[in-house]
Number of protein chains: 2
Amino acid sequence: MRTYKLTISYDGTRYQGWQRQGNTENTIQGILEDAVLKVTGYRAEVNGSGRTDAGVHARGQTASIVLPGKIGEDDFTAKINDRLPPDIRLLQTELVKNGFHARKSAVGKVYEYCIDTGEKPDVFTRRFCYHFPHVLDLDAMRKAAGYLTGTHEYAGYTDKKDEKSTQRTIYDIMISGQGRRVVIEYDGTGFLYHMVRILTGTLLEVGSGQRKPEEAAEALRTKDRLQAGFLAPARGLFLREVRYQ
Amino acid sequence: MRTYKLTISYDGTRYQGWQRQGNTENTIQGILEDAVLKVTGYRAEVNGSGRTDAGVHARGQTASIVLPGKIGEDDFTAKINDRLPPDIRLLQTELVKNGFHARKSAVGKVYEYCIDTGEKPDVFTRRFCYHFPHVLDLDAMRKAAGYLTGTHEYAGYTDKKDEKSTQRTIYDIMISGQGRRVVIEYDGTGFLYHMVRILTGTLLEVGSGQRKPEEAAEALRTKDRLQAGFLAPARGLFLREVRYQ
């Protein structure tokens, strides 16, 4: 048995998210597993680094797969891509040590969230940016982001109530603006269910003056979801990179 | 009667181009005219600065329209957008002098063409960039572009055989590369049928070493379409701006 690491990019617009669900063919995992079956004759599980929600995109999602025999990595990559729809691409296949697991071996993740602040939505980025037509105070957002980085209990920043542990570390939240477009980048050990989107909603409420920067800390302290901001839509969110040691 | 100038942006991916064709509802002009009818009760012709081909995009297409009465420009813009699909946006409506005509009054146009040179197509730009997986020699392309700028007979760079005049002036062709993405910008008085796409195909053949820079001049001299390069696909082309005095 050999273990391979896959790096995958997808436009999540028309999918029900990463995770295979029964017979639906509208999930990234389901489509990848079908392609692997067709190419290798083997029904292998494609284990992602994590589930992305419906509509969320990935530039560098990772997955691990265990196959019974040796494959030519580049040849396998090309053959899988021939079977995939154009909005899902396998970027790389690498032989890794047995025991590698895309989720369990991961030590960090980087997400980015794109906001279109123009008065009217840009027709070219509408699938990949959330249209939020407000003048954003980036300095206020950066101040709020300062409270949100570090090691904290993020129970107020998730929509899942029964997480075993809500402690995570965010190394950095970088906010950059270029013209009408604002991008927020999150670099951390890992993120809870909906966490990046709630962080983004909170920062957008701060940026548009609906909330003070200090309130971002308040939602951390009280662990109360109602103290945090709205759930920013899936379309602006990208899983950019999964880090391993 | 009052004349208005409209500025329009569209993702051309799913349309049969600008020009209304009988009953089809798959043209930008047809959809705009229907929206104007619904909003004003008046069936007015929306005269574009030029036809864009099927699949070509626009950041700033312009059109003129003559309406019997006065309208509130911002209100009209908002109401039209309510009637338009999300891949077509009316950016601006301006009252202009009677006699203004989007095509006849235009003095220049700027187009841009986007090329994705990555090994595998980027899933996020695939609708707006042509995937041409070659290492491009930008200096050779700039040399070829030098021959193509100026005032010339561009009969070798069009697919329409019966143009009244094939003389045009290209002020500038700018080629810029950032990572895997190469953008070619064309600034000129106007462009013949397929001209920007044939210029692009020619420059890509130069950039990928299939053709010498000097051959770009040869196709100008001989006026022979067969001496010019391939027709680059519509998906990478954007009408960026139409200039008026």
Side-chain angles (χ1 to χ4, degrees), chain A residues 6-15 28 31-32 52 55-61 73-74 76-82 84-93 112 114 116 118-131 133 178-181 183 233 235-240, chain B residues 6-15 28 31-32 52 55-61 73-74 76-82 84-93 112 114 116 118-131 133 178-181 183 233 235-240:
Chain A
L6 311 179
T7 306
I8 306 133
S9 178
Y10 45 86
D11 167 356
T13 308
R14 64 188 188 97
Y15 296 104
I28 317 293
I31 288 169
L32 282 168
T52 52
V56 172
H57 318 290
R59 295 191 194 280
Q61 166 71 296
E73 286 93 330
D74 290 348
F76 175 81
T77 302
K79 282 182 177 156
I80 292 288
N81 278 323
D82 285 345
L84 293 176
D87 49 8
I88 306 178
R89 287 292 96 180
L90 175 57
L91 300 180
Q92 196 173 35
T93 305
E112 62 186 46
C114 177
D116 173 12
E119 191 193 331
K120 298 185 185 69
D122 181 336
V123 297
F124 304 112
T125 60
R126 83 203 135 85
R127 292 157 68 97
F128 309 121
C129 286
Y130 168 46
H131 182 234
Q178 195 184 17
R180 61 192 284 169
R181 189 171 178 157
V183 174
R235 64 170 52 207
L237 183 61
F238 292 75
L239 171 56
R240 199 172 74 189
Chain B
L6 311 179
T7 306
I8 306 134
S9 178
Y10 44 87
D11 167 357
T13 308
R14 65 188 186 97
Y15 296 104
I28 317 292
I31 288 169
L32 283 167
T52 53
V56 172
H57 318 290
R59 295 191 194 280
Q61 166 72 297
E73 287 92 330
D74 290 347
F76 175 81
T77 301
K79 283 183 177 156
I80 291 288
N81 279 324
D82 286 345
L84 293 177
D87 49 7
I88 307 178
R89 289 292 97 182
L90 175 56
L91 301 180
Q92 197 174 34
T93 306
E112 62 185 45
C114 177
D116 173 11
E119 191 192 329
K120 298 184 185 67
D122 181 338
V123 297
F124 305 111
T125 60
R126 82 202 135 85
R127 291 157 68 97
F128 309 121
C129 285
Y130 167 46
H131 182 234
Q178 195 184 19
R180 61 191 285 171
R181 190 172 177 155
V183 174
R235 63 170 52 205
L237 184 61
F238 292 75
L239 171 55
R240 199 171 75 192

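Side chains included, hydrogens not; waters and symmetry mates left out as well; all remaining heavy atoms used. A note on names: the letters A, B, ... follow the listed sequences, proteins ahead of strands, and every chain is numbered from 1. In this text, all values refer to a predicted model and were calculated from it rather than measured experimentally.
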Student: From the options A:Arg89, A:Arg59, A:His57, select the one residue that forms a side chain to side chain contact (heavy atoms under 4.5 Å, CB included) with B:Val123.
Tutor: A:Arg89
Student: Taking only residues two or more places apart in sequence or in another chain, which ones pass side-chain hydrogen bond (donor to acceptor under 3.5 Å, both in side chains) with B:Thr77?
Tutor: B:Thr93
Student: Can you confirm whether A:Lys79 is buried at NZ, in the sense that more than 12 heavy atoms of other residues, nucleotides or ligands lie under 6.0 Å from that atom?
Tutor: no
Student: Please check if atom CZ in B:Arg180 has more than 12 non-hydrogen atoms from other residues, nucleotides or ligands closer than 6.0 Å.
Tutor: yes
Student: Between A:Asp122, A:Leu91, A:Asn81, who has the most heavy-atom pairs with chain B when the cutoff is under 4.5 Å?
Tutor: A:Leu91
Student: Among residues at least two apart in sequence or on other chains, which ones pass side-chain hydrogen bond (donor to acceptor under 3.5 Å, both in side chains) with B:Tyr15?
Tutor: B:Asp87
Student: Heavy-atom distance under 4.5 Å to chain B: side chain of A:Phe128, backbone, both or neither?
Tutor: side chain
Student: Could you tell me whether B:Asp11 and A:Arg126 have a side-chain N and a carboxylate O separated by less than 4.0 Å?
Tutor: yes
Student: Any chance you could measure B:Thr13, atom OG1, to A:Phe124, atom CZ, to the nearest 0.5 Å?
Tutor: 8.5 Å
Student: Could you tell me which portion of A:Arg127 (side chain, backbone, both or neither) has an atom closer than 4.5 angstrom to a non-hydrogen atom of chain B?
Tutor: side chain
